[in-house]
J.: 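Please read through the structure below; I'll follow up with questions.
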Amino acid sequence: MSRKIYRVLAVAALLFASVGVAEAQLNSTANSVALSMTVGESITISTTPANVTFTYSPAGAGTATASGPITVVTTANVLAGHQWIQGFAWLGSTTAALSGPSSIPASEVFAVINSNPTPMPCTSNGWKSPDFGVAGAFCGGSLFETDNPPAGAFTNTSVLTLSLNNLGAVAPGTYTGVLNIEAEVL
Amino acid sequence: MKIKYLIALYIFLAFASGIFAQTMSPAVAEYGKKANGSFKLQNNTLQPVAVVIEPFSFSVDKDGQHFRKLDATVHLDLSQTSARLGPKEIHEFSYKVKCDVLPCTFSLLTGMIIGHTQDGLAVRVILPHVVYICEKQKDCRAGVLRAAGL
(Lines give C-alpha, C1' and ligand atoms only; values in the text may rest on other atoms or scores of the structure.)
Protein backbone atom coordinates (compact mmCIF):
# COMPACT_ATOMS: atom_id res chain seq x y z
CA MET A 1 0.00 0.00 0.00
CA SER A 2 2.73 2.41 0.99
CA ARG A 3 4.55 1.43 -2.20
CA LYS A 4 1.51 2.48 -4.20
CA ILE A 5 1.44 5.79 -2.37
CA TYR A 6 5.11 6.33 -3.15
CA ARG A 7 4.45 5.65 -6.83
CA VAL A 8 1.55 8.07 -6.94
CA LEU A 9 3.63 10.65 -5.15
CA ALA A 10 6.51 10.10 -7.58
CA VAL A 11 4.26 10.53 -10.62
CA ALA A 12 2.68 13.61 -9.06
CA ALA A 13 6.15 15.03 -8.32
CA LEU A 14 7.17 14.49 -11.96
CA LEU A 15 4.00 16.17 -13.19
CA PHE A 16 4.44 19.17 -10.90
CA ALA A 17 8.11 19.39 -11.82
CA SER A 18 7.26 19.55 -15.53
CA VAL A 19 4.62 22.16 -14.84
CA GLY A 20 7.22 24.13 -12.93
CA VAL A 21 9.62 23.97 -15.84
CA ALA A 22 6.90 25.16 -18.18
CA GLU A 23 6.07 28.05 -15.90
CA ALA A 24 9.74 28.92 -15.60
CA GLN A 25 9.89 30.03 -19.26
CA LEU A 26 10.70 33.70 -19.49
CA ASN A 27 9.74 35.95 -22.31
CA SER A 28 11.65 39.15 -22.89
CA THR A 29 9.82 42.37 -23.20
CA ALA A 30 9.04 43.18 -26.81
CA ASN A 31 11.72 45.38 -28.27
CA SER A 32 11.00 47.37 -31.38
CA VAL A 33 13.52 48.07 -34.09
CA ALA A 34 12.92 51.33 -35.85
CA LEU A 35 13.00 51.20 -39.64
CA SER A 36 13.61 54.42 -41.42
CA MET A 37 14.38 55.60 -44.92
CA THR A 38 15.12 59.11 -46.04
CA VAL A 39 14.44 59.93 -49.65
CA GLY A 40 15.97 63.24 -50.61
CA GLU A 41 14.41 65.57 -53.10
CA SER A 42 15.87 65.00 -56.52
CA ILE A 43 15.80 66.44 -59.98
CA THR A 44 16.73 64.70 -63.21
CA ILE A 45 17.16 66.13 -66.65
CA SER A 46 17.55 64.15 -69.82
CA THR A 47 18.10 65.37 -73.34
CA THR A 48 17.75 63.44 -76.55
CA PRO A 49 19.86 63.82 -78.59
CA ALA A 50 22.74 65.58 -76.84
CA ASN A 51 23.97 67.52 -79.84
CA VAL A 52 22.66 69.16 -82.96
CA THR A 53 24.33 69.46 -86.31
CA PHE A 54 23.16 71.89 -88.98
CA THR A 55 22.94 71.63 -92.73
CA TYR A 56 23.63 74.94 -94.42
CA SER A 57 21.80 76.17 -97.47
CA PRO A 58 22.77 79.41 -99.19
CA ALA A 59 19.29 79.73 -100.69
CA GLY A 60 17.28 82.76 -99.71
CA ALA A 61 18.87 84.68 -96.87
CA GLY A 62 21.04 81.70 -95.95
CA THR A 63 19.57 79.10 -93.64
CA ALA A 64 20.60 75.96 -91.84
CA THR A 65 18.32 73.23 -90.64
CA ALA A 66 19.02 71.19 -87.53
CA SER A 67 19.55 67.45 -87.56
CA GLY A 68 16.48 67.16 -85.34
CA PRO A 69 14.67 68.57 -82.32
CA ILE A 70 15.99 68.15 -78.78
CA THR A 71 13.60 66.54 -76.34
CA VAL A 72 14.23 67.71 -72.79
CA VAL A 73 12.57 65.64 -70.07
CA THR A 74 12.72 67.03 -66.53
CA THR A 75 11.62 64.82 -63.69
CA ALA A 76 11.65 65.76 -60.04
CA ASN A 77 10.60 64.30 -56.75
CA VAL A 78 9.95 67.15 -54.35
CA LEU A 79 8.32 68.07 -51.08
CA ALA A 80 5.44 70.48 -50.96
CA GLY A 81 6.13 74.20 -50.65
CA HIS A 82 8.42 74.93 -53.57
CA GLN A 83 7.91 78.14 -55.50
CA TRP A 84 8.55 76.73 -58.94
CA ILE A 85 10.32 74.21 -61.11
CA GLN A 86 11.74 75.72 -64.25
CA GLY A 87 13.80 74.79 -67.27
CA PHE A 88 15.97 77.05 -69.41
CA ALA A 89 18.01 76.78 -72.58
CA TRP A 90 20.62 79.31 -73.62
CA LEU A 91 23.56 79.58 -75.95
CA GLY A 92 27.15 79.97 -74.83
CA SER A 93 27.59 83.43 -76.32
CA THR A 94 25.50 86.21 -77.84
CA THR A 95 28.08 87.19 -80.42
CA ALA A 96 29.43 83.73 -81.23
CA ALA A 97 26.72 81.16 -80.57
CA LEU A 98 28.54 79.09 -83.15
CA SER A 99 32.12 79.91 -83.90
CA GLY A 100 34.38 78.77 -86.71
CA PRO A 101 35.86 80.63 -89.67
CA SER A 102 33.39 83.36 -88.70
CA SER A 103 31.00 83.86 -85.79
CA ILE A 104 27.28 83.17 -85.93
CA PRO A 105 25.51 85.31 -83.31
CA ALA A 106 22.61 84.22 -81.11
CA SER A 107 20.32 86.53 -83.11
CA GLU A 108 20.67 84.13 -86.07
CA VAL A 109 19.76 81.08 -84.00
CA PHE A 110 16.01 80.57 -83.88
CA ALA A 111 14.07 78.30 -81.55
CA VAL A 112 10.65 76.76 -81.50
CA ILE A 113 9.62 75.49 -78.10
CA ASN A 114 7.04 72.74 -78.25
CA SER A 115 4.35 73.60 -80.76
CA ASN A 116 4.78 77.36 -80.72
CA PRO A 117 4.35 78.12 -84.43
CA THR A 118 6.72 81.09 -84.62
CA PRO A 119 10.48 80.58 -84.40
CA MET A 120 11.98 83.15 -82.01
CA PRO A 121 15.59 84.31 -82.03
CA CYS A 122 17.66 83.14 -79.05
CA THR A 123 18.14 86.69 -77.82
CA SER A 124 15.94 86.88 -74.75
CA ASN A 125 16.78 86.88 -71.07
CA GLY A 126 15.68 84.12 -68.73
CA TRP A 127 12.13 84.88 -67.79
CA LYS A 128 12.51 84.68 -64.05
CA SER A 129 16.25 84.28 -63.80
CA PRO A 130 17.78 87.14 -65.74
CA ASP A 131 21.09 87.08 -63.89
CA PHE A 132 22.44 83.70 -64.79
CA GLY A 133 23.40 82.07 -68.01
CA VAL A 134 24.29 84.39 -70.88
CA ALA A 135 22.12 87.48 -70.99
CA GLY A 136 20.49 87.93 -74.37
CA ALA A 137 21.20 84.35 -75.47
CA PHE A 138 18.20 82.50 -74.03
CA CYS A 139 16.10 80.47 -76.43
CA GLY A 140 12.71 81.67 -75.26
CA GLY A 141 12.30 83.03 -71.75
CA SER A 142 12.14 79.53 -70.38
CA LEU A 143 11.56 76.03 -71.63
CA PHE A 144 8.84 75.60 -69.02
CA GLU A 145 7.71 76.85 -65.66
CA THR A 146 5.45 75.15 -63.13
CA ASP A 147 4.53 77.27 -60.11
CA ASN A 148 3.80 75.71 -56.73
CA PRO A 149 4.46 72.15 -57.81
CA PRO A 150 2.64 69.63 -55.63
CA ALA A 151 4.59 67.16 -53.52
CA GLY A 152 5.67 64.04 -55.29
CA ALA A 153 6.75 63.20 -58.77
CA PHE A 154 6.89 65.90 -61.42
CA THR A 155 7.57 65.47 -65.13
CA ASN A 156 7.82 67.96 -67.94
CA THR A 157 8.69 67.26 -71.55
CA SER A 158 9.76 70.14 -73.75
CA VAL A 159 10.81 69.92 -77.36
CA LEU A 160 13.30 72.47 -78.64
CA THR A 161 13.76 72.84 -82.38
CA LEU A 162 16.58 75.09 -83.55
CA SER A 163 17.36 76.58 -86.93
CA LEU A 164 19.75 79.17 -88.30
CA ASN A 165 18.31 82.02 -90.34
CA ASN A 166 19.57 85.18 -92.04
CA LEU A 167 23.06 83.75 -92.23
CA GLY A 168 23.95 85.21 -95.59
CA ALA A 169 27.02 83.73 -97.21
CA VAL A 170 28.89 81.73 -94.59
CA ALA A 171 32.59 81.01 -94.91
CA PRO A 172 33.27 77.30 -95.37
CA GLY A 173 34.53 75.42 -92.36
CA THR A 174 33.34 73.81 -89.15
CA TYR A 175 31.21 75.71 -86.65
CA THR A 176 30.73 74.64 -83.06
CA GLY A 177 29.00 75.99 -79.96
CA VAL A 178 27.30 74.99 -76.73
CA LEU A 179 23.62 74.90 -75.86
CA ASN A 180 23.09 75.03 -72.08
CA ILE A 181 20.03 73.38 -70.58
CA GLU A 182 19.23 73.85 -66.92
CA ALA A 183 16.44 72.66 -64.68
CA GLU A 184 16.00 74.10 -61.21
CA VAL A 185 13.80 73.79 -58.17
CA LEU A 186 13.30 76.79 -55.92
CA MET B 1 20.71 33.02 -82.71
CA LYS B 2 23.81 34.74 -81.36
CA ILE B 3 23.56 37.37 -84.05
CA LYS B 4 20.01 38.15 -82.90
CA TYR B 5 21.27 38.77 -79.35
CA LEU B 6 24.10 40.92 -80.65
CA ILE B 7 21.70 42.98 -82.73
CA ALA B 8 19.38 43.39 -79.72
CA LEU B 9 22.34 44.43 -77.55
CA TYR B 10 23.52 46.88 -80.18
CA ILE B 11 20.03 48.43 -80.44
CA PHE B 12 19.78 48.63 -76.65
CA LEU B 13 23.18 50.30 -76.32
CA ALA B 14 22.46 52.70 -79.16
CA PHE B 15 19.16 53.64 -77.59
CA ALA B 16 20.51 53.86 -74.05
CA SER B 17 23.46 55.98 -75.07
CA GLY B 18 21.11 58.31 -76.92
CA ILE B 19 19.35 59.31 -73.71
CA PHE B 20 21.51 61.57 -71.64
CA ALA B 21 20.12 61.86 -68.13
CA GLN B 22 21.69 63.16 -64.95
CA THR B 23 20.21 63.31 -61.47
CA MET B 24 20.94 65.68 -58.58
CA SER B 25 19.92 64.78 -55.02
CA PRO B 26 19.08 66.56 -52.89
CA ALA B 27 18.11 69.48 -55.09
CA VAL B 28 17.66 71.74 -52.06
CA ALA B 29 19.39 71.71 -48.66
CA GLU B 30 18.74 73.72 -45.48
CA TYR B 31 21.18 74.18 -42.61
CA GLY B 32 21.63 76.10 -39.40
CA LYS B 33 24.76 78.26 -38.95
CA LYS B 34 27.57 75.80 -39.76
CA ALA B 35 26.83 73.45 -42.57
CA ASN B 36 28.49 70.17 -43.41
CA GLY B 37 26.61 68.89 -46.36
CA SER B 38 26.81 66.82 -49.48
CA PHE B 39 24.95 66.07 -52.64
CA LYS B 40 24.95 63.16 -55.04
CA LEU B 41 25.17 63.41 -58.77
CA GLN B 42 24.15 60.41 -60.79
CA ASN B 43 25.26 59.77 -64.33
CA ASN B 44 22.43 57.69 -65.72
CA THR B 45 24.12 57.13 -69.06
CA LEU B 46 26.43 54.43 -70.31
CA GLN B 47 29.10 56.98 -71.12
CA PRO B 48 31.50 58.80 -68.80
CA VAL B 49 30.84 62.48 -68.26
CA ALA B 50 32.98 65.31 -66.91
CA VAL B 51 31.43 67.55 -64.25
CA VAL B 52 32.43 71.09 -63.30
CA ILE B 53 30.96 72.69 -60.19
CA GLU B 54 30.56 76.45 -59.88
CA PRO B 55 29.27 78.17 -56.73
CA PHE B 56 27.07 81.26 -57.01
CA SER B 57 25.39 83.36 -54.36
CA PHE B 58 21.84 84.29 -55.20
CA SER B 59 18.98 86.39 -54.01
CA VAL B 60 15.39 85.80 -54.84
CA ASP B 61 12.37 87.98 -55.46
CA LYS B 62 9.14 87.79 -57.40
CA ASP B 63 11.10 88.06 -60.66
CA GLY B 64 13.12 84.98 -59.85
CA GLN B 65 16.56 83.93 -58.74
CA HIS B 66 19.33 86.49 -59.22
CA PHE B 67 22.77 84.91 -59.32
CA ARG B 68 26.07 86.65 -58.60
CA LYS B 69 29.65 85.71 -57.84
CA LEU B 70 29.92 83.87 -54.52
CA ASP B 71 29.87 86.42 -51.69
CA ALA B 72 33.14 86.90 -49.79
CA THR B 73 31.18 86.32 -46.59
CA VAL B 74 30.48 82.73 -47.65
CA HIS B 75 33.37 80.44 -46.72
CA LEU B 76 32.87 77.37 -48.83
CA ASP B 77 35.14 74.35 -48.75
CA LEU B 78 34.11 72.06 -51.57
CA SER B 79 35.60 68.55 -51.71
CA GLN B 80 35.96 68.73 -55.49
CA THR B 81 35.29 71.37 -58.09
CA SER B 82 35.37 68.88 -60.93
CA ALA B 83 35.08 65.15 -61.43
CA ARG B 84 34.67 62.49 -64.03
CA LEU B 85 31.64 60.27 -63.56
CA GLY B 86 31.78 56.81 -65.02
CA PRO B 87 28.78 55.11 -66.62
CA LYS B 88 25.92 54.81 -64.12
CA GLU B 89 28.15 56.22 -61.38
CA ILE B 90 26.69 58.01 -58.37
CA HIS B 91 29.26 60.46 -57.09
CA GLU B 92 28.99 62.26 -53.77
CA PHE B 93 30.40 65.75 -53.41
CA SER B 94 30.77 67.08 -49.89
CA TYR B 95 31.22 70.59 -48.61
CA LYS B 96 31.67 72.61 -45.46
CA VAL B 97 30.38 76.12 -45.37
CA LYS B 98 30.20 78.96 -42.89
CA CYS B 99 28.47 82.23 -43.59
CA ASP B 100 29.48 85.47 -41.86
CA VAL B 101 26.05 86.89 -42.63
CA LEU B 102 22.83 84.97 -42.13
CA PRO B 103 20.69 83.98 -43.81
CA CYS B 104 22.88 83.11 -46.76
CA THR B 105 21.89 81.39 -49.95
CA PHE B 106 24.01 79.95 -52.68
CA SER B 107 23.78 77.43 -55.43
CA LEU B 108 26.30 74.86 -56.61
CA LEU B 109 25.79 74.56 -60.34
CA THR B 110 26.99 71.27 -61.76
CA GLY B 111 27.68 71.55 -65.47
CA MET B 112 28.16 68.55 -67.75
CA ILE B 113 28.78 68.64 -71.48
CA ILE B 114 27.06 65.48 -72.56
CA GLY B 115 27.01 65.79 -76.31
CA HIS B 116 30.49 66.56 -77.54
CA THR B 117 30.45 67.25 -81.24
CA GLN B 118 32.96 68.27 -83.88
CA ASP B 119 30.29 70.16 -85.74
CA GLY B 120 27.24 72.06 -84.46
CA LEU B 121 25.93 72.59 -80.94
CA ALA B 122 26.87 70.39 -77.99
CA VAL B 123 24.41 70.21 -75.12
CA ARG B 124 25.61 71.15 -71.64
CA VAL B 125 23.26 70.11 -68.84
CA ILE B 126 23.23 72.10 -65.60
CA LEU B 127 21.70 70.87 -62.37
CA PRO B 128 21.85 73.08 -59.27
CA HIS B 129 22.19 72.11 -55.62
CA VAL B 130 20.53 75.00 -53.78
CA VAL B 131 21.68 75.73 -50.21
CA TYR B 132 19.90 77.81 -47.58
CA ILE B 133 21.70 78.60 -44.29
CA CYS B 134 19.98 80.34 -41.39
CA GLU B 135 20.35 80.68 -37.62
CA LYS B 136 18.14 77.62 -37.33
CA GLN B 137 17.73 74.91 -39.89
CA LYS B 138 14.00 74.49 -39.48
CA ASP B 139 11.97 76.35 -42.08
CA CYS B 140 15.08 78.14 -43.34
CA ARG B 141 14.08 78.05 -46.99
CA ALA B 142 10.50 79.01 -46.24
CA GLY B 143 11.72 81.94 -44.15
CA VAL B 144 14.04 83.21 -46.89
CA LEU B 145 11.30 82.98 -49.48
CA ARG B 146 8.78 84.61 -47.16
CA ALA B 147 11.19 87.48 -46.48
CA ALA B 148 11.50 87.90 -50.25
CA GLY B 149 7.75 88.30 -50.52
CA LEU B 150 7.13 84.91 -52.04
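Residue numbers begin at 1 in each chain, while the letters A, B, ... track the order of the sequences.
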J.: Tell me, side chain or backbone of A/I104 under 4.5 Å from chain B's heavy atoms, or both, or neither?
T.: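 Neither part; nothing is under 4.5 Å.
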J.: At a heavy-atom separation under 4.5 Å, does B/Y132 approach chain A through its side chain, its backbone, both, or neither?
T.: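 Side chain of B/Y132 only, per the 4.5 Å heavy-atom cut-off to chain A.
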J.: Using only heavy-atom distances, determine whether the side chains of A/S42 and B/S25 contain a donor-acceptor pair under 3.5 Å.
T.: no
J.: Can you name the nearest heavy-atom pair linking A/A111 to A/C122, along with the distance?
T.: CB-SG, 3.9 Å
J.: Are B/L76 and B/M24 co-members of a hydrophobic cluster defined by side-chain heavy atoms under 4.5 Å apart?
T.: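 B/M24 and B/L76: one cluster.
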J.: So B/F58 and B/F67, would you call those rings parallel, tilted or perpendicular, with 30° and 60° as cut-offs?
T.: tilted
J.: Let me know if A/L98 has heavy atoms under 4.5 Å from chain B in its side chain, its backbone, both or neither.
T.: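 Looking at A/L98, just its side chain touches chain B.
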J.: Among residues 134-150 of chain B, which residues come closer than 4.5 Å to chain A, judged by heavy atom distances?
T.: B/R141, B/L145, B/L150
J.: Examine whether an atom of A/A97 lies under 4.5 Å from a heavy atom of chain B, and if so say whether it belongs to the side chain, the backbone or both; otherwise answer neither.
T.: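 The backbone, not the side chain.
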J.: When only pairs under 4.5 Å are counted, which of A/G40, A/G177, A/G81 shares the most heavy-atom pairs with chain B?
T.: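 Ranked by heavy-atom pairs under 4.5 Å with chain B, first place is A/G177.
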J.: Nearest heavy-atom pair of B/G115 and A/N51: which atoms, and what distance?
T.: O-CB, 3.3 Å
J.: What is the distance from atom NE2 of A/H82 to atom CD of A/E184, rounded to the nearest 0.5 Å?
T.: 12.0 Å
J.: Take B/I133 and B/V74 through the test side-chain contact (heavy atoms from CB on, under 4.5 Å) and record every step on the way to the result.
T.: CA-CA 10 Å; B/I133 300 177; B/V74 180; over 6 Å; no
J.: Where on B/F56 is there a heavy atom nearer than 4.5 Å to chain A: the side chain, the backbone, both, or neither?
T.: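 The answer is neither part of B/F56.
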J.: Tell me whether A/F54 shares a hydrophobic cluster with A/V178, the cluster being built from Ile, Leu, Val, Met, Phe, Trp, Tyr side chains joined at under 4.5 Å.
T.: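 Unlinked, A/F54 and A/V178 end up in two clusters.
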J.: Counting a contact as any heavy-atom pair under 4.5 Å apart, which residues of residues 119-129 of chain B contact chain A?
T.: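 Result: B/D119, B/G120, B/L121, B/A122, B/V123, B/R124, B/V125, B/I126, B/L127, B/P128.
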J.: Is any side-chain heavy atom of B/Q22 closer than 4.5 Å to a side-chain heavy atom of B/V49?
T.: yes
J.: Would you say the side-chain atoms of B/S57 pair up with the backbone N or O of B/D71, donor to acceptor, closer than 3.5 Å?
T.: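 Yes, the answer is positive, given that a donor and an acceptor are paired below the 3.5 Å cut-off.
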J.: Between A/I70 and chain B, with a heavy-atom cut-off of 4.5 Å, which part of the residue counts as in contact: side chain, backbone, both or neither?
T.: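 Contact with chain B: side chain only.
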J.: Supply the atom-to-atom distance A/F110 CZ to A/C139 SG, rounded to the nearest 0.5 angstrom.
T.: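 Separation between the atoms: 11.0 Å.
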J.: Using distance alone, with no hydrogens and no angle criterion, decide if A/D147 and A/Q83 have a side-chain donor and acceptor under 3.5 Å apart.
T.: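 Looking only at side-chain atoms, A/Q83 and A/D147 do not form any donor-acceptor pair under 3.5 Å.
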J.: Count the heavy-atom pairs under 4.5 Å between each of A/L164, A/T176, A/T53 and chain B, then report the option with the highest count.
T.: A/T176
J.: Please classify the contact between A/L91 and chain B as side chain, backbone, both or neither, with a heavy-atom cut-off of under 4.5 Å.
T.: side chain
J.: Within the 3.5 Å criterion, strictly below it, is a donor on B/N43 or B/H91 matched to an acceptor on the partner's side chain?
T.: no
J.: Indicate whether the side chain of A/N156 and that of A/S158 have a donor and an acceptor atom separated by less than 3.5 Å.
T.: yes
J.: Chain A heavy atoms under 4.5 Å from B/Q42: which part of the residue, side chain, backbone, both or neither?
T.: neither
